[in-house]
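Here's the structure, in structure tokens; my notes come after.
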2 protein chains.
Amino acid sequence: MELLSGKWKMQIIGTLLRHGTMRFMELKRTLNGIAPKKLSKDLHELEMNKLITRTVKNTKPITVEYSITEHGRTLDGLIGEIIDWGLTHRQTIIG
Amino acid sequence: MELLSGKWKMQIIGTLLRHGTMRFMELKRTLNGIAPKKLSKDLHELEMNKLITRTVKNTKPITVEYSITEHGRTLDGLIGEIIDWGLTHRQTIIG
DNA sequence: GAAACCGGTATCCTCGAGGTAACTAACAGG
DNA sequence: CCTGTTAGTTACCTCGAGGATACCGGTTTC
């Protein structure tokens with residue numbers, strides 16, 4: 001739970017699962033509103049947990065690519081179930 | 001995610017799933033270290049989300065019983081899967 | 001030379017989670 | 001009376017998450 005806690009980590013995982021490999025700025029723009037400091041910090045934490053990889057490309061303006069690892073992909077089903085439960089829960093509370 | 005976030009809510013759910021109906025002090029003693037203020041607050045939040053029920057018994061010193069609702073029980077499997085993933089994850093990181 | 005894009009880092013701030021401790025009202029037993 | 005148990009409430013404090021803003025070195029474009 002702890003390593004998915006916080007406001008952004010699940011969204012980062014989800015975004016990378018949907019989009020595949022992404023650059024730093026690309027993530028920042030997709031995750032609307034995240035501060036670069038937070039994005040940087042969360043990416044490092046996710047990398048330390050082997051959920052994503054960080055690859056520096058020596059292109060003209062240096063770019064950095066992030067993508068989900070095999071291990072990170074095992075979270076996919078779990079996240080889906082959590083979302084499903086959440087949707088059902090809303091119906092239970094409202095209805 | 002939000003309604004299971006925090007240090008204690010999952011532990012409260014888990015304890016009630018294992019023990020069935022429990023009184024306030026019983027929960028406080030089982031969840032070693034929780035402040036009564038926090039227990040009270042979290043119980044109210046869980047009750048508002050219809051995950052647990054609160055029943056006041058008019059015994060000699062008034063007692064209050066808490067137990068999981070049917071809706072709360074639907075979390076059982078999900079929590080189990082989260083724990084399983086967490087255990088596998090530890091192996092992945094350590095090994 | 002100026003501006004803009006890249007991937008960040010540095011600094012400052014706010015706000016809420018959660019801990020500690022003391023207190024309360026009602027009742028029971030000694 | 002006095003103490004203990006019940007289920008909390010109140011007041012105070014700390015600490016870290018996360019937001020806002022500015023900045024940096026490198027490189028390309030104008």
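Below, chain A is the first sequence line, B the second, and so on; all start at residue 1.
At distances below 3.5 Å, at least one donor-acceptor pair connects side-chain atoms of Thr88(A) with backbone N or O atoms of Asp84(A). Judged by distance alone, the side chain of Ser40(B) and the main-chain N or O of Lys37(B) form no donor-acceptor pair under 3.5 Å. Thr21(B) places no side-chain N or O within donor-acceptor distance of the main-chain N or O of Glu65(B), the cut-off being under 3.5 Å.
For the ring-ring contact (aromatic ring centres under 6.0 Å, His included) condition, no pair includes a residue of residues 27-53 of chain A, sequence neighbours left out.
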Protein N or O to nucleotides 24-30 of chain C N or O, pairs below 3.5 Å:
none

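Boundaries of the chain B contact region on DNA chain D are dT6(D) to dC12(D), first to last in 5' to 3' order (nucleotide atom under 4.0 Å from a heavy atom).
Remark: Ile82(B) CD1 to Leu87(B) CG distance equals 12.0 Å, nearest 0.5 Å. Remark: Gln11(A) CD to Ile79(A) CD1 distance equals 11.0 Å, nearest 0.5 Å. Taken from OG1 in Thr74(B) to CH2 in Trp85(A), the straight-line distance is 5.5 Å, to the nearest 0.5 Å.
The two residues Thr30(B) and Glu26(B) come nearest to each other via the heavy atoms OG1-O, 2.8 Å. When every heavy atom of Ile93(B) is checked against every heavy atom of Lys50(A), the shortest pair comes out as O-NZ, 3.8 Å. Of all heavy-atom pairs spanning Leu27(A) and Thr15(A), the tightest one is CD2-CG2, 4.1 Å.
Each of Lys9(A) and Val64(B) was matched to the nucleotide of DNA chain D holding its nearest heavy atom; the match closer to the 5' end belongs to Val64(B).
His89(A) and His71(B) have parallel rings, their planes meeting at less than 30° on a 0 to 90° scale where 60° marks the start of perpendicular.
Rounded to 10°, the helix from dG1(C)-dC30(D) to dG30(C)-dC1(D) has 20° between the axis fitted to its first five pairs and the one fitted to its last five.
Within residues 20-43 of chain A, the residues that have a heavy atom under 4.0 Å from DNA chain D are, in order of number, Lys37(A), Lys38(A), Lys41(A).
Annotation: salt bridge (Lys or Arg N to Asp or Glu O under 4.0 Å) contacts of Lys9(B) (sequence neighbours excluded): Glu45(B).
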